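All remarks here apply to the structure that follows.
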Amino acid sequence: MYNAKLEISKLLGPLVPGLETRQIYDMLEIPPNPDMGDLALPCFKLSKTLRKSPVQIAQELASAIPQNEHVNKVESLSGYLNFFLNRDKFTGSILTYILKAGASFGASDLGKGKNIVIDYSSPNIAKPFHVGHLRSTSIGNSLYRIFEFMGYNCIGINYLGDWGTQFGKLIAAYKKWGNEQAVQEGLINELVALYVKFHQEAEKDPALDEEARQWFVRLEQGDPEARRLWQWFIDISLKEYHKIYELLGVSFDSYNGESFFNDKMQPVIQELQDKGLLKESQGAMIVDLEEEGMPPCLILKTDGSTLYATRDITAAIYRKKTYDFEKCIYVTGVSQSLHFKQWFKVIEKMGYDWHKDLHHVPFGTVSIGGEKLATRTGKVVLLEEILSKAIEKTLETIESKNPNLENKHEVAQQMGVGAVIFSDLFSNRIKDVSFSWDEILNFDGETGPYVQYTHARACSVLRKAAESGSKAAADFDSSLISSREEYQLVKSLSLFPEKIKQALDDLEPSILTRYLVNLAQDFNRFYHEHPILTDNPALRSARLALVQAAKHTLCNGLHLIGLQAPERV
RNA sequence: GCGCCUGUAGCUCAGCAGGAUAGAGCAACGGACUUCUAAUCCGUAGGCCAGGGGUUCGAAUCCCUUCAGGCGCGCCA
């Protein structure tokens, strides 16, 4: 794609002694106000080496720039060298490129032949899927799509929380108070109810805890009844999760959860032992991390049983062997940051140089009314409830604005779900979020429906144009796209590839989410200001090219953050 | 106590490999639909960028420090 910044830095290269073209490229920035130009070189840093005032440098450079096809005008303004691009060339090159690339605009083969493992969603079996789980799911899914778009081969893993002492409690509770029919009818809700009841009763009667422990031991030893119940609970949970995943448009390549690694930990423990990393402390086995300034990493409990870290280390080694990943990404809450730092370090101490390819992608905590979410106390908002409310509200809007829409239920689902995912991906992952019904059900302004609506608007114009025999074609006259709004839109469009790259480098989908809002704003301003289907064929054709390019970019961008892009709303 | 993170408009957030006058959206108020979908657009109002020091030609951005909030710190995950 045409890169004006690169062309300008090439022009400047020979004129600025002591600086590489590359360095100049990095110095170029976008002025705060478009009236000042399209690109600018601040000359303050050059002042020292050139022993001249920045103002003087800017002035001299301005007059030294030779006539060329890329820049129309160069201005010196208070120490800045401001460039006004040849809009005709810029617009023509960018739009032509986007029209040609179409659905693959922004894509790349950067990651060709490389594998990326992404561990996300990972709910705990027998717990309902609530807003808190959404974050890991939506961030992980978006990263998956971004990496895939950049040519990587992705392996999405749902590392299910399908093992642990809570299953002992659950089985004990079921044996005591549960029955098959109630569970068949109530599903996860019933399992949660049993779990909650267990905790309430255990407060009064500590013997229950012992009973739960016994059941877990039986489960570990392969007791048929324990295994059967355990598997049943998993099946029930997965069935409900699948409904949610289907709504969200999320899928996985592997569901190997914690239990998958039960029989794979022993060799790893042995390996830690052989490498002299294991140390006994207070009856437990640890890897000491004092030199690294961290608390020790617990590998075995006093009773010899394994822990979270043991499983994670085992899983990482297994994944490296199985997938030979370029990166292995873990999308979990920020509260687990230390845990990851610790066991990443253990991997390093084991001598695996791929420890540097392990990435924890943390996100902030979701709270509601100032309180943390907790399944045990019932302080949760279920994702299913949020999604269905959002879909319902979207349907109402459609009924009032476009009641004749053919597939309104499908569209309502796409936009309602889109609203929820979009809002989840809107701010930097690390920020804590306070759940609010008002916010999540607001579809005005910086929201998923706003971007989807904008996309549908573009589609609508293109459809109308096609009906009257006009199409966006490659042979448009770019000099006709000259207004402020049109030019701004072209500039925004041209930023898409670098925004994807940035989102990928930072493992931060919100960069794309926010970019899409900006792009939609620019499109809507243009749309409002300039009629597209005009009687002037040349002008119409040029504007249609612009609309077509915007449509592709909005559509591609929406897919990268996991939203659908309906053509009619 | 120690460590990590966050603090920008009434609210939710951008901007943080230093750069020109700190930007959006929501909420409020005022405008724009006989014309491509008004889930839209335009305007008004709203800020000692938590406080204080420093580095720099230049700091919301980097360093130090104080304060406030969140999270974590051995047998949960």
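Remember, it's a predicted structure, so these values are computed and weren't measured experimentally.
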Would you list the protein and nucleotides 54-64 of chain B atom pairs, both N or O, that sit under 3.5 Å from each other?
none

Task: Value rounded to 0.5 Å, distance of OH in Tyr120(A) from OH in Tyr330(A) - done: 14.5 Å

Open item on the list: Determine whether a donor-acceptor pair (N or O, by modelled atom type, separation under 3.5 Å) exists between the side chain of Ser281(A) and the backbone of Ala284(A).
Closed with: no

Open item on the list: As an exercise, state the distance from CD of Gln502(A) to CG of Asp505(A), rounded to the nearest 0.5 Å.
Closed with: 8.0 Å

Task: Distance in angstrom units between Leu289(A) CG and C4(B) P, rounded - done: 16 Å

Task: Geometric cation-pi criterion, Arg319(A) with Tyr159(A): 6.0 Å, 45° - done: yes

- [ ] To the nearest Å, give me how far apart CD (Glu485(A)) and P (U40(B)) are.
- [x] 18 Å

TODO: With a 3.5 angstrom cut-off on both distances, give the Watson-Crick or G-U wobble partner of U40(B), or none if there isn't one.
DONE: A32(B)

Tabulate atom names and distances for all N/O pairs under 3.5 angstrom spanning the protein and nucleotides 25-28 of chain B.
from	atom 1	to	atom 2	distance (Å)
G25(B)	O4'	Glu446(A)	OE1	3.2
G25(B)	O4'	Glu446(A)	OE2	3.2
G25(B)	O2'	Glu446(A)	N	3.3

Task: Glu406(A) atom CD, over 12 foreign heavy atoms within 6.0 Å - done: no

Task: Nearest-nucleotide comparison on RNA chain B, the residue closer to the 5′ end among Ser510(A) and Ala520(A) - done: Ser510(A)

- [ ] May I ask which nucleotide in the shown strands pairs with G1(B), Watson-Crick or G-U wobble, both distances under 3.5 Å?
- [x] C73(B)

Task: Backbone N/O of Tyr255(A) and side chain of Asn158(A): donor-acceptor pair under 3.5 Å - done: no

Open item on the list: Suppose the criterion is side chain to side chain donor-acceptor pair (under 3.5 Å): which pairs have a residue in residues 41-57 of chain A, not counting sequence neighbours?
Closed with: Lys52(A)-Glu60(A), Gln56(A)-Glu60(A)

Task: Between A20(B) (P) and Leu41(A) (CG): distance, integer Å - done: 14 Å

Task: Lys NZ or Arg CZ of Lys169(A) over Trp215(A) ring: under 6.0 Å, within 45° - done: no

Open item on the list: Can you confirm whether Glu291(A) is buried at CD, in the sense that more than 12 heavy atoms of other residues, nucleotides or ligands lie under 6.0 Å from that atom?
Closed with: no

- [ ] Please confirm whether the backbone N or O of Thr513(A) pairs with a side-chain atom of Ser510(A), one donor and one acceptor, at under 3.5 Å?
- [x] no

Task: Nearest-Å distance for atom pair CD1/C1', residues Ile511(A) and C16(B) - done: 12 Å

Open item on the list: What is the separation between atom CD on Glu392(A) and atom P on A39(B), rounded to the nearest whole Å?
Closed with: 20 Å

Task: Lys393(A) NZ/CZ over Phe443(A) ring centroid, <6.0 Å and within 45° of normal - done: yes

Task: Plane angle bin for Phe523(A) and Phe526(A) - parallel if under 30°, tilted between 30 and 60°, otherwise perpendicular - done: perpendicular

- [ ] Spell out protein contact along nucleotides 68-77 of chain B as letters: B when the base is contacted, S when just the sugar-phosphate is, - when no protein heavy atom is under 4.0 Å; keep the 5' to 3' order.
- [x] --SSSSBBSB

Task: d(CD, Gln502(A); P, C16(B)) in whole Å - done: 8 Å

Open item on the list: Students often get this wrong, so: under 4.0 angstrom with heavy atoms, is Ser367(A) touching a base, only sugar-phosphate, or nothing?
Closed with: nothing

Sort me out a list of protein N/O and nucleotides 7-9 of chain B N/O pairs below 3.5 Å, or just none if empty.
from	atom 1	to	atom 2	distance (Å)
G7(B)	OP1	Lys431(A)	NZ	3.1

- [ ] Provide the Watson-Crick or G-U wobble partner of C13(B), both distances under 3.5 Å; none if there is no partner.
- [x] G23(B)

- [ ] Provide, to the nearest angstrom, the distance between the CG atom belonging to Asp424(A) and the P atom belonging to C13(B).
- [x] 12 Å

TODO: Let me have a per-nucleotide readout for nucleotides 29-38 of chain B, 5' to 3', with B, S or -, counting only protein heavy atoms under 4.0 Å.
DONE: -------BBS

Open item on the list: When you measure from the side-chain N and O atoms of Asn428(A) to the phosphate of A14(B), is any distance below 4.0 Å, counting only OP1 and OP2?
Closed with: yes

Task: Reported CE-to-CG distance for the pair Met294(A) and Leu338(A), which is rounded to 0.5 angstrom - done: 7.0 Å

Task: Enclosure of Arg463(A) CZ (heavy-atom neighbours >12, cutoff 6.0 Å) - done: yes

Task: Side-chain touch Ile188(A)/Lys127(A), heavy atoms, less than 4.5 angstrom - done: no

